[in-house]
Amino acid sequence: MLDYSAKDDLALIEMAKDNDDAAFAELVYRYENTVSKTVIGMLGNGDDAKDTAQQVFIRFFRALKDFRGEAALGTYLTRIAINLSLNELKRRKRLSGLFFRPSESYPDPVIRDSDNYENELEAEELVHKALQSIESKYRSVVVLRMLQGYSTRETADLLGLPVGTVLSRLSRAQEKLKELLKPLLD
Amino acid sequence: MDIKLKQLLAASFDRELSPAEKAELESALATSTELKDEKLRLMKLRRAIQEQPYKFRESIVGEVMKLITKEREQYLSKSLVYAFNRIALPLLAAASILLLFWLFTEGGLSADFILGTKDLDPQYLSEFLLFNY
């Protein structure tokens, strides 16, 4: 029996191009954490994020025949994930504009005293809420730079922005997050 | 705290500082407790963001593979429709034109006409059919 986990990405891609579903499943298994990190960071851990993560792999499946391996697969999938997440945020914004008044759409996270954040789950919730409350243009640089660990140059390339813009967005995002996560930091 | 030093400190996490900037920041960090605390806060912030789990409760592999099977089925049915449109429809059109042509040139679509026995004397019909078919 074939050991798919021992194969490298390009070998699995070639097998998947020949309709080997097990090879494609191995690629999904290998990169689901990379993709979920991006979409959950951008959209929060909900059904929309899950659908978006699935769509990332469906897009990859559709483009499989054209994939030449010029970029690392992780970077390629992250690019799709960030673009689909930004589209999803635009869709949400359109919907919230249709059904809610702006003041009701995204409330700021409730800040409490630091003693209350001993519980890891609460800290997790606070970080997720803080990420969701910053503007998407700041969130995307935070997700790529701080969560995924891409360099500033790579982040700029992935988002199609100048390095200077990424640096200024990171700085502003950091200020906002410092404020929102004060109980965790002091 | 000096705003410029604070900005320099924040930038030091995301870009390579020039030797002059590096020296300026290092000497400030050696003397300012406030700046040192700020550095610790920024490190904590990045760690807090990095260390959270960004995972779905269950793996998405199964669901993705189900969607791919569905995608393939849809592709197959689309291909069948495409093939029908490209092959079967032109054949049908050609057959219809041929029938219409027969209809107008021969004046009808009787069994005699289709079998080519229109002008045959009925007494030779059985021999004709036996010989030709």
Side-chain angles (χ1 to χ4, degrees), chain A residues 19 21-22 24-30 32-41 45 49-51 53-58 60-62 117 120 123-128 130-131 141-143 145-149 151-153 155 163-164 166-167 170-171 174-175 177-178 181-182 184-186, chain B residues 1-18 21-22 24-25 33-79 82:
Chain A
N19 294 325
D21 281 355
F24 192 80
E26 173 64 26
L27 287 168
V28 180
Y29 174 74
R30 222 173 257 189
E32 68 174 325
N33 283 348
T34 306
V35 169
S36 65
K37 217 177 202 181
T38 304
V39 294
I40 293 173
N45 198 347
K50 206 170 181 182
D51 290 344
Q54 289 169 6
Q55 277 311 309
V56 171
F57 289 107
I58 299 298
F60 171 47
F61 176 75
R62 285 178 193 157
Y117 289 98
E120 281 180 9
E124 182 187 334
E125 203 186 327
L126 184 73
V127 170
H128 280 289
L131 275 174
V141 293
V142 168
V143 166
R145 175 78 186 108
M146 297 189 194
L147 259 74
Q148 296 283 26
S151 70
T152 312
R153 156 66 56 200
T155 303
V163 173
V166 170
L167 282 169
L170 274 170
S171 164
Q174 200 162 249
E175 282 306 306
L177 287 169
K178 232 165 56 184
L181 298 174
K182 201 168 182 290
L184 284 180
L185 307 178
D186 289 337
Chain B
M1 198 191 322
D2 186 336
I3 301 273
K4 194 191 156 210
L5 282 171
K6 208 175 153 189
Q7 284 172 344
L8 205 56
L9 176 68
S12 70
F13 285 88
D14 297 310
R15 71 171 169 91
E16 189 80 30
L17 298 184
S18 70
E21 288 174 326
K22 216 172 176 179
E24 189 185 357
L25 184 63
T33 335
E34 211 182 339
L35 198 64
K36 254 190 232 165
D37 288 346
E38 178 66 7
K39 186 180 179 182
L40 275 178
R41 220 173 291 131
L42 289 179
M43 285 163 76
K44 259 187 179 177
L45 171 74
R46 287 180 179 242
R47 214 179 308 128
I49 291 172
Q50 275 164 7
E51 283 176 353
Q52 302 311 318
Y54 298 92
K55 282 181 182 176
F56 297 114
R57 275 178 214 94
E58 288 164 18
S59 167
I60 59 167
V61 179
E63 281 166 82
V64 169
M65 295 316 289
K66 265 186 211 163
L67 286 172
I68 282 170
T69 308
K70 211 171 156 187
E71 180 101 356
R72 276 218 188 94
E73 284 166 4
Q74 280 172 353
Y75 178 76
L76 185 70
S77 61
K78 271 185 194 163
S79 302
Y82 178 80

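Numbered from 1 within each chain, the chains take letters A, B, ... in sequence-line order.
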Worksheet item: Which pair of heavy atoms, one from A:Val127 and one from B:Ala48, lies closest together, and at what distance?
Response: CG2-O, 4.0 Å
Worksheet item: Considering only heavy atoms, which portion of A:Glu175 lies under 4.5 Å from any heavy atom of chain B: side chain, backbone, both, or neither?
Response: side chain
Discussion item. I'd like to verify something: which residue of B:Leu42, B:Leu40, B:Ile68, B:Ile49 has the highest number of heavy-atom pairs under 4.5 Å with chain A?
Written reply: B:Ile68
Show every donor-acceptor pair shorter than 3.5 Å between a side-chain atom in residues 55-65 of chain B and any protein atom, with sequence neighbours excluded, or say none if there are none.
unit_1: B:Ser59; atom_1: OG; unit_2: A:Glu32; atom_2: OE1; d: 3.2
unit_1: B:Ser59; atom_1: OG; unit_2: A:Glu32; atom_2: OE2; d: 2.9
unit_1: B:Ser59; atom_1: OG; unit_2: B:Val61; atom_2: N; d: 3.2
unit_1: B:Glu63; atom_1: OE1; unit_2: A:Gln54; atom_2: NE2; d: 2.9

Discussion item. When you measure from the side chain of A:Thr152 to the backbone of B:Arg15, do you find a donor-acceptor pair of N or O atoms at a distance under 3.5 Å?
Written reply: no
Practice prompt. Just do the salt bridge (charged side-chain N to carboxylate O under 4.0 Å, His left out) check on B:Glu38 and A:Lys178 with the steps written out, would you?
Written response: CA-CA 10 Å; B:Glu38 178 66 7; A:Lys178 232 165 56 184; 2.4 Å; yes
Practice prompt. Under the salt bridge (charged side-chain N to carboxylate O under 4.0 Å, His left out) rule, collect the residues that match up with B:Arg47, sequence neighbours excluded.
Written response: none
Practice prompt. Using a cut-off of under 4.5 Å on heavy-atom pairs, state which of B:Gln7, B:Glu51, B:Met43, B:Arg72 scores highest against chain A.
Written response: B:Arg72
Worksheet entry | Side chain / backbone / both / neither for A:Leu167 at chain B, heavy atoms under 4.5 Å | side chain
Fill in: Nearest heavy-atom neighbours spanning A:Met146 and B:Gln50
O-CG, 2.9 Å
Item to complete: Measure A:Tyr29 against the heavy atoms of chain B and call it side chain, backbone, both or neither at under 4.5 Å.
Response: both
Discussion item. Need one label for A:Leu27: side chain, backbone, both or neither, based on atoms under 4.5 Å from any heavy atom in chain B.
Written reply: neither
Item to complete: Start with the C-alpha distance between B:Tyr54 and A:Val143, add both sets of side-chain angles, then the distance that settles side-chain contact (heavy atoms from CB on, under 4.5 Å), and finish with yes or no.
Response: CA-CA 11 Å; B:Tyr54 298 92; A:Val143 166; over 6 Å; no
Item to complete: Search all heavy atoms of A:His128 against all heavy atoms of B:Pro53 and return the closest pair with its distance.
Response: NE2-O, 3.5 Å
Item to complete: Provide the closest heavy-atom pair for B:Gln52 versus A:Ala123 in the form atom of the first, atom of the second, distance.
Response: OE1-C, 4.2 Å
Worksheet entry | Heavy-atom proximity to chain B below 4.5 Å, by part of A:Val166 | neither
